[in-house]
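Notes follow once the structure below has been shown.
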Amino acid sequence: MTDSSTPEILEPGKKSNFIHLQIMEDLEQGKNGSRVHTRFPPEPNGYLHIGHAKSICLNFGIAEKFGGMCNLRFDDTNPAKEETEYVDSIMEDVRWLGFDWEDRLYYASDYFGKLHEFAIRLINEGKAYVDDQDAETISNQKGTPTRPGLESPFRNRPVNENLDLFMKMTNGHFGEGDCVLRAKIDMDSPNMHMRDPIIYRIIKAHHHRTGNKWCVYPMYDFAHGQSDFWEGITHSICTLEFEVHRPLYNWFVDQLQETGYRPRQIEFARLNLTYTVMSKRKLLELVKDKHVNGWDDPRMPTISGLRRRGYTPESIRNFSDRIGVTKVDGVIDVSLLEYSVREHLNKTAQRVMGVVQPLKVVLINYPEGGDEELDAINNPEDPEMGTRKVPFSREIYIEQDDFMENPPKKFFRLSPGNEVRLRYAYFITCKNVVKDENGVVKELHCSYDPASKGGNSPDGRKVKSTLHWVSARHAVKSEVRMYDRLFRDENPDGHKDVDFKEFINPESLKVLTGCYVEPFVRTSKPLDHFQFERLGYFNLDFDSTLEKPVFNLTVQLRDSWAKEQNKN
RNA sequence: UGACCUGUGGUGUAACUGGCAACACGUCUGACUCUGGAUCAGAAGAGUCCAGGUUCGAGCCCUGGCAGGUCAACCA
């Protein structure tokens, strides 16, 4: 690797991080034949979340950047927790994000045979032994981080006896918990993970791939480095909490092969986002206790949740680039994620008019029973998306928020006597406010200026505000699900002694059923993105029916008027 | 009171082998606008955890502190 090739490796526009720099160093030194091979290794025990997306983008991104490869490997060494359902969803999510592992799909369970042979080799070399003690005893003997451990009475068992016992473990002769296989390393090590770690335990459960073939299963530490080694991984990237495992990772690889090729473990900080939780355990809890409607609830930080919410793969990848990769444990502001979708959807989303909280407006001087079609721009950011026709008639709906009977100073929208524009349509003036017996505004009677058709008056008259609207007779009645953050606290699991569920936002979902959207949406299919003008980005949910579309709020448009209001 | 890791505007990331702390989000102005969106122009906001030291010069190097995180599942 010469210096002159560096600029090609570092794509312009894409930030470099400390891992890229380390890889470049390895390349320059010719390590591992100057190859780059990474892997994304999820355990199939839950759905992927935005934190995994960071790891996916990192690992596949590195392969792309350095002309290497990235494997998908399921770390399925614990049959008690893993299921095929999760395997399928993980593959779907990685693909949806836009990454391709090609023919390199692996499972740690592919290596159960080799791992078992390796364990036997270690026993033969006097580097592993069967321990008959129970979990609690072993744990106590391990000592504490500040106190050295005690050697097991079984530590110096003869090789033959260990071999015999391990075979009996393997053959199902023992029950769960009767004994374990341990690596013989160093009970005095200041690193807890080096104090004769357990490498095989007995689990009599059905494995999603190997069925009942095995009743002993390797531990993470005994499987991960070896799997990396056998796949030819050069850079094994994982999160910070595995930092202290690294010496053990290296120890096993050293036992496999003394010299030559070595995978290298590099750790980075996992993603934390404000106003959400990220641990699988907590997400599972939210699902099981029905605080949300499943793993793909649009309020969940899961990939499937974000997808259903209306996030795009591009926006998640851009977000991932923007947040960078370091070893600093921090919390990213969700507003950065929201910015990323807005940025993408602003450029790509079909505009449409939809009224979420309708207020009826009757245009008193518009011909009764008449209607017409007006031209509307599909996306002002992208002229190639063209125009569409929007039906207009005497009775329309506008947004309740767009009318105030007694407006404050800077309220530019509709109020008695005030003239505003209906987008792509006409100027209208509010003439009369019709109320019900309780004094609640029921409908507005307005006049329209026929000369202002299309949205401009020939006399050059200006109005301060443009409202979205939808023709009552032509509108598609819809359900709109308005989402807010799932938690009221910025850091829900950052409080000692307070359960994160205490901070759940009771108003994180508001279902609005009497919404009206222009007929254009009839042609759409689930996951299609729209901008409801002046409101935000929405996408069609799977729950939609032909009679009743259902939209999810992805994210609102920035709203400086609302912000102004909140100040007061 | 052990090992390992981390400390740069409100948040996240930069700063080549030491050379005036940069960028993005957010915040705040203003311009423009048939989305109070987008866009454009601009502003405020850190002297880099602390204390010493080396140096003409330190966020980068050295010493000593302080703070936070991880590790004591037969989880990954």
Side-chain angles (χ1 to χ4, degrees), chain A residues 15-17 41-43 45 75-78 80-82 108 131 134-135 138-140 142-149 176-182 189-195 197-203 216-217 219-221 223-224 238-247 267 269 274 280-281 319 322-340 342-343 346-347 351 353 376-377 380-381 410-413 420-425 427 452 454-456 462-468 490 531-536 556-564:
Chain A
K15 288 196 292 184
S16 252
N17 58 53
E43 182 188 14
N45 68 342
D75 223 333
D76 56 351
T77 56
N78 185 354
K81 289 188 173 179
E82 295 145 7
D131 196 328
D134 61 34
I138 291 176
S139 168
N140 289 337
K142 265 195 177 157
T144 71
T146 55
R147 232 191 312 267
E176 285 190 17
D178 286 354
C179 46
V180 291
L181 185 68
R182 291 228 256 169
S189 172
N191 183 336
M192 296 294 291
H193 297 279
M194 299 300 273
R195 321 242 263 230
I198 291 168
I199 59 179
Y200 261 100
R201 67 317 197 177
I202 298 166
I203 300 176
V216 288
Y217 290 89
M219 298 285 287
Y220 165 84
D221 285 307
H224 205 94
C238 61
T239 46
L240 247 28
E241 65 269 30
F242 291 102
E243 233 158 9
V244 284
H245 293 241
R246 196 184 335 132
E267 310 85 11
T274 55
K280 274 189 195 170
R281 202 209 86 218
F319 169 73
R322 253 188 273 262
I323 60 178
V325 179
T326 65
K327 300 187 76 156
V328 185
D329 234 324
V331 190
I332 309 269
D333 201 316
V334 255
S335 64
L336 191 56
L337 216 211
E338 295 175 343
Y339 171 81
S340 297
R342 283 200 196 97
E343 179 189 49
N346 177 45
K347 291 189 201 117
R351 309 291 128 122
M353 290 194 283
I377 294 166
E381 301 290 320
K410 286 197 284 192
F411 185 86
F412 304 140
R413 280 113 94 145
V420 298
R421 169 168 41 231
L422 294 178
R423 179 143 233 226
Y424 301 124
F427 285 6
S452 64
N456 282 301
K462 298 281 182 203
V463 290
K464 284 202 117 171
S465 181
T466 300
L467 309 187
H468 60 278
E490 218 180 84
Q531 184 196 97
F532 286 11
E533 296 219 31
R534 302 208 306 133
L535 293 180
Q556 286 175 314
L557 253 31
R558 286 184 61 208
D559 188 346
S560 48
W561 166 247
K563 196 175 283 174
E564 186 81 19

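Lettering of chains follows the sequences in order, A, B, ..., and the numbering in each one begins at 1. Only this structure's heavy atoms are used, side chains among them; waters, hydrogens and symmetry mates stay out.
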> In B/S/- notation, 5' to 3', how is nucleotides 10-18 of chain B contacted by protein heavy atoms closer than 4.0 Å?
Replying inline: -SSSS----
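- Evaluation of the salt bridge (Lys or Arg N to Asp or Glu O under 4.0 Å) rule for A/Arg421 yields no partner, not counting sequence neighbours.
- Considering only residues two or more places apart in sequence or on other chains, A/Glu43 meets the side-chain hydrogen bond (donor to acceptor under 3.5 Å, both in side chains) condition with A/Asn45.
- Between A/Thr77 and A/Ala223, the shortest heavy-atom contact is CG2-CB, 3.7 Å.
- Partners of A/Lys462 according to the side-chain hydrogen bond (donor to acceptor under 3.5 Å, both in side chains) rule, which considers only residues two or more places apart in sequence or in another chain, do not exist here.
- Listed by chain and residue number, A/Thr274, A/Ser335 satisfy the side chain to side chain contact (heavy atoms under 4.5 Å, CB included) test with A/Asp333 (two or more places apart in sequence, or in another chain).
- One C1' atom belongs to B/C40, the other to B/G68, and the distance between them is 42 Å to the nearest Å.
- Scanning for side-chain hydrogen bond (donor to acceptor under 3.5 Å, both in side chains) contacts around A/Asp178 gives an empty result, with sequence neighbours left out.
- Glycosidic conformation at B/A73 (O4'-C1'-N9-C4 for purines, O4'-C1'-N1-C2 for pyrimidines): syn, within 90° of 0.
- Rounded to a whole angstrom, the distance from the P atom of B/C66 to that of B/G45 is 34 Å.
- When the P atom is used for both B/C75 and B/G7, the distance is 34 Å, rounded to whole Å.
- B/U55 and B/U63 are spaced 16 Å apart, taking the C1' atom of each and rounding to whole Å.
- In this structure, A/Arg195 and A/Gly143 approach most closely via the heavy-atom pair NH2-C, 3.8 Å.
- The minimum heavy-atom distance linking A/Arg182 with A/Asp131 is given by the pair NH2-OD2, 3.1 Å.
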>> Please encode protein proximity along nucleotides 35-42 of chain B as a string of B, S and -, counting only heavy-atom distances under 4.0 Å.
In response: BBBS----
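- A tilted orientation is assigned to the rings of A/His245 and A/His193, their planes being inclined by 30° to 60°.
- Among residues two or more places apart in sequence or in another chain, the side chain to side chain contact (heavy atoms under 4.5 Å, CB included) test is passed with A/Asp559 by A/Trp561, A/Ala562.
- Applying the ring pair (Phe, Tyr, Trp, His ring centres under 6.0 Å) criterion to A/Tyr339, with sequence neighbours excluded, gives no partner residue.
- Spacing between B/G52 and B/U11 at atom C1', rounded to whole Å, works out to 32 Å.
- Shown here, B/G47 is classed syn by the O4'-C1'-N9-C4 or O4'-C1'-N1-C2 angle, which is within 90° of 0.
- Within 6.0 Å of CD on A/Gln556 lie no more than 12 heavy atoms contributed by other residues, nucleotides or ligands.
- Taking the C1' atoms as reference points, B/G59 lies 14 Å from B/G9, given to the whole Å.
- Helical stems in RNA chain B, defined as runs of 3 or more consecutive Watson-Crick or G-U wobble pairs with both donor-acceptor distances under 3.5 Å, are listed by first residue as B:2-7 with B:66-71, B:10-13 with B:22-25, B:27-31 with B:39-43, B:49-53 with B:61-65.
- Residues meeting the side-chain hydrogen bond (donor to acceptor under 3.5 Å, both in side chains) test with A/Asp75, sequence neighbours left out: A/His224.
- Taking atom C1' in both B/U48 and B/C60, the straight-line distance is 10 Å, to the nearest Å.
- Using atom P as the reference point in both B/C71 and B/A15, the two lie 29 Å apart (nearest Å).
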>> Treating primed atoms plus P, OP1 and OP2 as sugar-phosphate and everything else as base, which nucleotides of nucleotides 71-76 of chain B get B, S or - for protein heavy atoms under 4.0 Å?
In response: SBSBBB
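- Residues A/Met219 and A/Ile198 come closest through the heavy atom pair CG-O, 3.2 Å.
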